[in-house]
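Beneath this line is the structure, given in structure tokens, with notes to follow.
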Amino acid sequence: MPELPEVETIVRELRMKIIGEIFTEFIPIWSGSFVEDKKLTLNGRQIEEINRKGKYILFNLNKGYLITHLRMTGQLIVRDSVPDDKKHLRLIFTFKSGKYLLYYDLRKFGRIYHTIDSEKVLQNTGIDALSEDLDGMRFAELMKNKTTLIKPFLLNQKYIAGFGNIYIDESLFRAKIHPQTKVSELSPTMIKKLFSESRNVLLEAISRMGSTISDYKTTGGGFGTNQNFFRVYQRNGLPCLVCDTMIEKTFVGGRGTHYCPKCQKMNN
DNA sequence: CTAATCACCTGAAGGC
DNA sequence: TGCCTTCAGGTGATTA
């Protein structure tokens, strides 16, 4: 479900709602969603910080971490009570204050890890796409000696973490780069353009609370609005907003890929 | 090393 | 109405 902007939106809300909360009870409705460390206890632990790396959310406890990846359909919802309708509700965390953190996940792909070793969970996660340490130079550096295509490169979280299918298509469109361009064939100018446009795409999406296609919800159960501003994603068959050419859909790296055949040529 | 395919799950949508 | 196929904000393992 969520890519960086959706996860960032959730993190910002969680910080306002449950920093300082103390866990009192944990009810696994579908225990497959939870990866426990039997040496750790959750009850009595307090949430000190909530951070994000790529698409992971890290709850920094006074001992250990809860780390979650929502994959396709995971949702974190904060409520004052547990609703009667428990469809797709997988985990219930109860706080001392009486609040609840509810984990929903229709497809059961997501996980919440309870661990002391956050590095182990994040070992294949590269630099965050919005990290202050990621600039145009470093972005270009990461692309050096890569033989893959630009779309699979950006999908691979071990290089840069946070991009997913939507925002890659949108970023490549704005940078006027064909999704099947080889990374090695991108000029320094195009790489610079891709870096700055991808930041714009992510920051704009965050300002709109993310994109709700089907499952993504904010922690209060609300929706994002960025889906109303897509330029290519799911706009196949519709005219390009720049040149009126029909947006096409194909498959790159096994993922549905939307692009304008006129604006995004293989050679500039 | 990359690249393709499957696996993990459930449900919505479209074709017939 | 119903059955069947395909596809979906992701990623990890396996196979070629």
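Computation of the quantities below employed the complete heavy-atom set of this structure, encompassing side-chain atoms and omitting hydrogens, waters and symmetry-equivalent molecules.
OP1 or OP2 of dA8(C) has at least one side-chain nitrogen or oxygen of K249(A) nearer than 4.0 Å. Residue H88(A) has no polar side-chain atom (N or O) positioned under 4.0 Å from OP1 or OP2 of dC9(B). A sub-4.0 Å separation between OP1 or OP2 of dA8(C) and a side-chain N or O of T73(A) is absent. Between Q157(A) and dT11(C), a side-chain N or O to OP1/OP2 separation shorter than 4.0 Å is present.
By the 4.5 Å heavy-atom criterion applied to side chains, T94(A) and V82(A) are not counted as neighbours. Side-chain contact between I166(A) and I213(A): present, with at least one pair of heavy atoms (C-beta onward) separated by less than 4.5 Å.
Taking atom P on both nucleotides, dC6(B) is separated from dT5(C) by 15 Å, rounded to a whole Å. Nucleotides dC4(C) and dC9(B), compared at atom P, are 22 Å apart to the nearest Å. With C1' as the reference atom, dG11(B) and dG12(C) are 23 Å apart, rounded to whole Å. Annotation: dT5(B) and dT6(C) have their P atoms spaced 14 Å apart (nearest Å).
As judged by a 4.0 angstrom heavy-atom cut-off over every strand, G164(A) is placed among residues touching the sugar-phosphate backbone only. S211(A) comes within 4.0 angstrom of a nucleotide base, judged by non-hydrogen atoms across all strands. Note on Y167(A): nothing from the nucleic acid sits closer than 4.0 angstrom, heavy atoms only. As judged by a 4.0 angstrom heavy-atom cut-off over every strand, K146(A) is placed among residues making no nucleic acid contact.
At whole-Å resolution of the value, CG in L155(A) and P in dA8(C) are 13 Å apart. Rounded to whole Å, the distance from CH2 on W30(A) to C1' on dT10(B) is 12 Å. The interatomic distance linking K87(A) (NZ) with dG11(B) (C1') rounds to 8 Å, in whole Å. What separates NZ of K182(A) from C1' of dC1(B) is a distance of 14 Å, to the nearest Å. One can place CG of D215(A) at 12 Å from P of dG10(C), the figure rounded to the nearest angstrom. Computed from coordinates, the R71(A) CZ to dT10(B) P distance equals 16 Å when rounded to whole Å. In this structure, R255(A) places its CZ atom 16 Å from P of dA3(B), rounding to the nearest Å. If you measure from atom CG of L70(A) to atom C1' of dT11(C), you get 13 Å, rounded to the nearest angstrom.
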Side chains of residues 238-253 of chain A: which donor-acceptor partners sit under 3.5 Å, not counting sequence neighbours?
residue: E248(A); atom: OE1; partner: Y259(A); partner atom: OH; Å: 3.2

Which atom pairs, donor and acceptor, lie under 3.5 Å between side-chain atoms of residues 138-149 of chain A and protein residues at least two apart or in another chain?
residue: K146(A); atom: NZ; partner: L142(A); partner atom: O; Å: 2.9
residue: K146(A); atom: NZ; partner: K144(A); partner atom: O; Å: 3.4

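Ring centroid separation for the pair F34(A) and F26(A) comes in under the 6.0 Å cut-off. The distance between the ring centers of H258(A) and Y233(A) falls below 6.0 angstrom.
Looking at residues two or more places apart in sequence or on another chain, you find a salt bridge (charged side-chain N to carboxylate O under 4.0 Å, His left out) between K38(A) and E36(A). Residues satisfying the side-chain contact (heavy atoms from CB on, under 4.5 Å) criterion with R208(A), sequence neighbours excluded, are E204(A), T225(A), N226(A), F229(A).
Residues of residues 105-126 of chain A having a heavy atom closer than 4.0 Å to DNA chain C, listed by number: R107(A), F109(A).
In DNA chain C, consecutive stretches of 3 or more Watson-Crick or G-U wobble pairs with both distances under 3.5 Å are given as paired ranges: B:2-8 with C:10-16, B:10-16 with C:2-8.
Comparing dC7(C), dG10(C), dT2(B) against the side chain of F251(A) picks out dC7(C) as the nearest. The listed nucleotides are dC9(B), dA3(B), dG10(C); the one nearest the side chain of T148(A) is dA3(B).
For the pair Q264(A) (side chain) and P179(A) (backbone), a donor-acceptor distance under 3.5 Å is absent.
Linking ILVMFWY residues whenever their side-chain heavy atoms come closer than 4.5 Å, directly or via other members, leaves I22(A) and Y100(A) in distinct clusters.
A salt bridge is defined here as a Lys NZ or Arg NE, NH1 or NH2 lying under 4.0 Å from an Asp or Glu carboxylate O, and R12(A) with E8(A) meets this definition.
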